[in-house]
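Let me begin by presenting the structure, written as structure tokens, before commenting on it.
Side-chain atoms are counted along with the backbone in the values below, which use heavy atoms only and exclude waters and symmetry mates. Just so you know, ligand 1 is whichever comes first in the structure, and atom 1 is the first atom listed for that ligand.
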Amino acid sequence: MDLRKRTWAEISLDNIEHNYRAIRAALPEGCKFLGVVKADAYGHGAVEVSRRLEAAGADYLAVSCLDEAAELRAAGIGTPILILGHTPREYVKELIDLDLTQTVTCEAKAIEYSREAAALGRTLRIHIKVDTGMSRLGFLTAAGHFEQGIENIVSACRQKNLDPEGIYTHFAVSDEPGEDAQTFTRGQFALFLRVIDAVSRAGISFRIRHCANSGAVVNYPETALDMARPGILLYGFGDGGKLGLRPCMRLMTHVSTIKYIDAGLPVSYGGTFLTPRRTRMGVIPIGYADGLFRSLSNKCSFVTESGPAPQRGRICMDMCMIDLTELPGVNLESLIEIFGEKQSAEALAGKAGTISYELLCSVSKRVPRVYVD
Ligand SMILES: *Cc1c(COP(=O)(O)O)cnc(C)c1O
């Protein structure tokens with residue numbers, strides 16, 4: 001490994017493809033597959049991951065915004081792409097030129113998009129987003145909002161120069177254990193079906209109905225409908241071991257400096273760690289600007305070839321310290337795994353009080369992605 005890279009993320013596209021196939025095998029026959037590659041494919045590199053998914057046969061991709069979609073089109077990705085978030089109406093021409101599918105979350109946006117598309121004499125492909133309980137984006141349809149919600153969806157779909165190809169909703173607790181989460185998720189799904197049914201009675205049908213995120217693919221396979229929409233599963237997490245998924249990112253660094261520090265000396269900003277004995281301290285060139293959360297300071301270990309090395313003192317912007325006193329075999333330039341194979345991203349994220357998603361997509365631009373297979 002070229003140590004000038006200081007810290008790097010090894011990405012296995014073979015493992016992405018393995019996960020893709022494992023997820024597909026868990027889906028009903030004929031169910032389409034949308035791979036969620038927003039946030040640079042959860043930090044794994046959107047272009048590389050999308051190329052691999054396209055070659056493997058994914059039917060659709062999803063990103064959060066126009067810039068992310070444009071990056072994929074510029075790289076030659078031809079698979080249909082759904083933009084999950086908002087795009088301002090000024091960009092309708094670009095959406096159509098790039099053959100993108102735009103989410104529509106309320107009637108007012110449908111009207112704006114329709115006007116822009118009509119002025120261009122062209123048609124914008126859209127998916128209707130229904131809010132069935134996430135209380136984030138989408139046409140409100142819960143409880144007292146149902147009738148008005150249906151009316152608004154029908155109106156949105158009837159706007160000229162829009163092609164309502166799909167309709168979808170998003171589950172809030174499909175990955176949570178417990179009966180309450182089950183009841184809530186089943187309620188969301190039932191409401192989604194009722195919405196589709198009511199809209200179809202007004203003569204509007206959709207070619208692609210979708211709602212299954214990763215949690216639902218694993219826990220509620222009956223919600224797959226026409227297309228599943230997993231993200232984190234592709235990157236190897238969220239199946240609780242059921243699908244045999246493999247992690248795809250290994251965050252690596254190396255020991256850049258070693259020094260012996262006498263007992264009783266404070267380490268790093270704030271002096272939050274005092275050496276309890278003469279300590280063989282390693283400095284590793286990774287810090288919070290690389291995506292290593294400062295909240296992990298003094299709370300985690302990183303993995304050396306001879307075992308785990310406890311992290312000591314505050315994690316700085318560009319580096320941090322690890323205790324090598326018990327690991328005499330670890331030397332300058334020895335490799336250190338932050339997470340990946342021997343320490344899972346999920347376990348390390350847990351120590352920071354967060355989830356694998358956040359740890360993965362926080363690995364910053366400064367960290368080169370190295371595709372290992
Ligand atoms: C991010 C996202 C997904 C993927 O979620 P996972 O939990 O990673 O499977 C699916 N649908 C929507 C609307 C999303 O925003």
Side-chain angles (χ1 to χ4, degrees), residues 16 19-20 22-24 26-27 31-44 46 49-50 53 58-66 68-69 72 80-87 100-106 109 126-139 141 165-177 181 184-185 188-189 192 195 206 208-221 223-240 242-243 245 247-249 345-346 349 354-362:
I16 297 266
N19 295 341
Y20 164 79
I23 301 162
R24 271 232 112 124
L27 294 174
C31 178
K32 290 180 191 292
F33 185 104
L34 176 152
V36 179
V37 294
K38 64 191 181 192
D40 203 26
Y42 294 40
H44 295 67
V49 169
S50 298
L53 290 176
D59 303 285
Y60 234 108
L61 298 168
V63 295
S64 67
C65 60
L66 178 56
E68 289 184 342
L72 298 183
I81 300 175
L82 172 64
I83 297 182
L84 298 166
H86 173 61
T87 304
L100 302 172
T101 306
Q102 175 59 46
T103 294
V104 169
T105 58
C106 64
K109 288 185 185 178
I126 60 165
H127 282 204
I128 296 290
K129 174 85 180 272
V130 185
D131 182 349
T132 55
M134 177 79 177
S135 299
R136 193 174 64 176
L137 289 180
F139 290 80
T141 55
E165 175 191 55
I167 186 164
Y168 73 103
T169 193
H170 193 50
F171 292 126
V173 294
S174 62
D175 58 344
E176 306 266 347
F184 195 83
T185 304
Q188 279 197 272
F189 186 55
F192 184 49
V195 168
F206 299 93
I208 311 180
R209 303 158 302 157
H210 54 110
C211 55
N213 56 358
S214 292
V217 168
V218 176
N219 300 318
Y220 307 90
T223 65
L225 298 179
D226 302 312
M227 183 161 78
R229 210 172 63 230
I232 198 71
L233 292 179
L234 270 174
Y235 309 103
F237 298 96
D239 71 326
K242 284 187 204 158
L243 302 180
L245 303 180
C248 304
M249 185 192 292
E346 209 156 48
T354 184
I355 52 176
S356 59
Y357 297 67
E358 190 182 3
L359 193 56
L360 293 172
C361 71
S362 296

(request) Around atom 1 (C) of ligand 1, find the nearest protein heavy atom and jot down its residue, atom name and distance. (result) Lys38 NZ, 1.4 Å
(request) Output the distance between atom CZ (Phe171) and atom OH (Tyr220), rounded to the nearest 0.5 Å. (result) 8.5 Å
(request) Return yes when His210 approaches ligand 1 closer than 4.0 angstrom through a heavy atom, no otherwise. (result) no
(message) Is it the case that ligand 1 has an N or O less than 3.5 angstrom from some N or O of Gly231?
(response) yes
(message) Are Ile16 and Tyr235 packed together at the side-chain level, in the sense that at least one heavy-atom pair is separated by less than 4.5 angstrom?
(response) yes
(message) Please give me the minimum heavy-atom distance between Tyr60 and Thr101, naming the atom from each residue.
(response) OH-OG1, 2.8 Å
(request) Identify the protein heavy atom lying closest to atom 5 (O) of ligand 1, giving its residue, its atom name and the separation to 0.1 Å. (result) Tyr42 OH, 3.6 Å
(request) Provide the closest heavy-atom pair for Val217 versus Pro230 in the form atom of the first, atom of the second, distance. (result) CG2-CB, 4.4 Å
(request) Output yes when the distance from some N or O of ligand 1 to some N or O of Ser214 is under 3.5 Å, and no in every other case. (result) yes
(request) Could you pull out the closest heavy-atom pair between Glu165 and His127, with the gap in Å? (result) OE1-NE2, 2.7 Å
(request) Heavy-atom distances under 4.0 Å are what count here, so tell me which part of Arg136 touches ligand 1: side chain, backbone, both or neither. (result) side chain
(message) Just to verify, which of Leu225, Asp226, Ile167 counts as forming a side-chain contact (heavy atoms from CB on, under 4.5 Å) with Cys211?
(response) Leu225
(message) Is it the case that ligand 1 has an N or O less than 3.5 angstrom from some N or O of Tyr168?
(response) no
(request) Could you check atom 7 (O) of ligand 1 against the protein and tell me its nearest heavy-atom contact, residue, atom and distance included? (result) Tyr357 OH, 2.6 Å
(message) With a 3.5 Å distance limit and no angle check, can you tell me whether Thr103 reaches the backbone of Lys129 through a side-chain donor-acceptor pair?
(response) no
(request) Check each heavy atom of Arg229 against ligand 1 and say whether those closer than 4.0 Å belong to the side chain, the backbone, both or neither. (result) both
(message) Closer than 4.0 Å to some heavy atom of Pro230 - which atoms of ligand 1 meet that?
(response) 9 (O)
(message) I'd like to check whether Lys129 has a polar contact with ligand 1, where a contact means an N/O of the residue lying under 3.5 Å from an N/O of the ligand.
(response) no
(message) Geometry only, no angles: is Ile232 polar-contacting ligand 1 at N/O separations under 3.5 Å?
(response) yes
(request) Kindly say whether Leu245 contributes a backbone atom to a donor-acceptor pair with the side chain of Asn19 at under 3.5 angstrom? (result) no
